[in-house]
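Have a look at the structure below, then the notes.
Letters A, B, ... mirror the listed sequences (proteins, then strands); counts begin at 1.
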Number of protein chains: 2
Amino acid sequence: MKTRAIRERIIEAADQLFYQQGFAHTSFSDIAGVVGISRGNFYYHFKSKDEILDAVINERLQNTQNMLDMWEEDAPTPEARIRCYIHILLTNRNKIMRYGCPVGTLCGELAKLDHCERTEAIRLFDLFRAWLRHQFTQLGHKEDADRLAMHVLAWSQGVATLANAYEDKDFIDQEIQMICTWLEAYTQSTKRSQHSSDALH
Amino acid sequence: MKTRAIRERIIEAADQLFYQQGFAHTSFSDIAGVVGISRGNFYYHFKSKDEILDAVINERLQNTQNMLDMWEEDAPTPEARIRCYIHILLTNRNKIMRYGCPVGTLCGELAKLDHCERTEAIRLFDLFRAWLRHQFTQLGHKEDADRLAMHVLAWSQGVATLANAYEDKDFIDQEIQMICTWLEAYTQSTKRSQHSSDALH
DNA sequence: GACTCATTAGGACGATCATCCTAATCATAT
DNA sequence: ATATGATTAGGATGATCGTCCTAATGAGTC
């Protein structure tokens, strides 16, 4: 059954192109050209452009969830896990400088297009938000967990936006440093309060 | 001479539509419909769509410079002036929640389109960056002035991006509070060092 | 009133797009 | 080998777009 494989390749190609050129500016011809199939054959695999977008978003949701799960397993502490998130900025630095953040730019574009898939795209943010919230809860900031999660999200989004505008490598490095310092201060205050609560026992 | 007035109205309408719908997704018909002139008459005022974009960016550059100049006059201290910048998030809160930041989203779109006017759009960021840098220099952070300016820019961009995604009023208010607190701590450390340097005299 | 020149309206053009349709091709089972 | 159903290629269609062209209109001058 090769149909499954072709479908995967279409989603993969569309994913890349939507990121690099934007959703609206990417045509069926573009995707077909990358995949190497004819333009007209597209409708056997996807009934509409919106359906491809939906598949791409679902693919990204799946990949994102897998990534978060892996971090949850591999990194020893909540602090280290949050640093895993921050370090995407470093890992994808070159792509971010050229195309911005895949999640932020997609949500922004769909908001302007008033596209119905917009709510689906925001679920990508939801994944990171809930995951970060969980980490901060584990750090002992139960009350502020969601606010802190949103703060880290916003911070990284801002870094991506300006890094894209100025194509500035050093700026990304500096901001990552700042976030890690900020995060460390937050976790140390937690450790201290944990110490003091330990002392009570 | 009514030509001048019509030209202004075209730029004004294009400015709004580019912000609300994006540049690529806004057609001549859209702009003509808002202005109330015929579609074909457009080429008497502007030879191409890129020319309108250029005019819109120049208009924004002019308005932005005027705004910065006004803040420079009206606000008494560098700290108060930086707060003026932060408070755009509050003043334009509803629009930001619907369409994001006008500068950030335009630069992001033009980056994806690989559009030649991209460098012009970034000059909008340059205006804020240089102005903020000047304020931080006046606050005594001469070495870090540009880094701090970029930091404030990135922070506000991130807030705009997430406020747009989640359409969250309270989040904006919270982040503005955080920025102001952060800024206050920065200026108080300056005042302290100024005090100590005063004491040396 | 006739002439000039700026301004306008509206259609024509070619390109691109998403979508649809149909005939051709392929693999597989009988 | 033939039949069947999945898969493909490529053109047709109608809509939209940026751009161009031209005839009509308007205002101001001689």
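- Straight-line distance from the NZ atom of A:Lys49 to the C1' atom of C:dT19: 12 Å, rounded to whole Å.
- Closest to the side chain of B:Tyr44, out of C:dA18, D:dT19, C:dA6, is C:dA6.
- Separating the CD atom of B:Gln21 from the C1' atom of D:dT16 is a distance of 14 Å, rounded to the nearest angstrom.
- In this structure, B:Asp30 atom CG and D:dG18 atom C1' are separated by 13 Å, rounded to whole Å.
- Residue B:Ser27 places at least one side-chain N or O under 4.0 Å from the OP1 or OP2 atom of D:dC17.
- If you measure from atom CD1 of A:Ile6 to atom P of C:dA27, you get 13 Å, rounded to the nearest angstrom.
- Nucleic acid contact for B:His45: sugar-phosphate only, since backbone atoms but no base atoms lie under 4.0 Å from a heavy atom of the residue.
- As a whole-Å value, the separation of B:Arg39 CZ from D:dT19 P is 13 Å.
- Side chain of A:Asn92 to main chain of A:Lys95: no donor-acceptor pair is present (N/O by atom type, distance under 3.5 Å, no hydrogens or angles).
- Separating the CG atom of A:Leu17 from the P atom of C:dC17 is a distance of 12 Å, rounded to the nearest angstrom.
- Under the 30°/60° scheme for interplanar angles, the aromatic rings of B:His141 and B:Tyr186 are found to be tilted.
- Between the P atom of D:dG10 and the CD1 atom of A:Ile37 lies a distance of 12 Å, rounded to the nearest Å.
- Proximity of a side-chain donor or acceptor of A:Gln62 to a complementary backbone N or O of A:Asn58 within less than 3.5 Å is not detected.
- Look at CD1 on B:Ile10: it is 12 Å from P on C:dT7, rounded to the nearest Å.
- Within the 4.0 Å cut-off from OP1 or OP2 of C:dT7, not a single side-chain nitrogen or oxygen of B:Asn41 is found.
- Taking the side chain of A:Tyr43 as heavy atoms from C-beta on, and the options C:dA18, C:dA6, D:dT7, the nearest nucleotide is C:dA18.
- Separating the CD1 atom in B:Ile11 from the CD atom in B:Glu59 is a distance of 5.5 Å, to the nearest 0.5 Å.
- Of the side-chain N and O atoms in B:Ser38, none sit less than 4.0 angstrom from OP1 or OP2 of C:dT8.
- Heavy-atom neighbours of A:His25 NE2 from other residues, nucleotides or ligands within 6.0 Å: at or below the threshold of 12.
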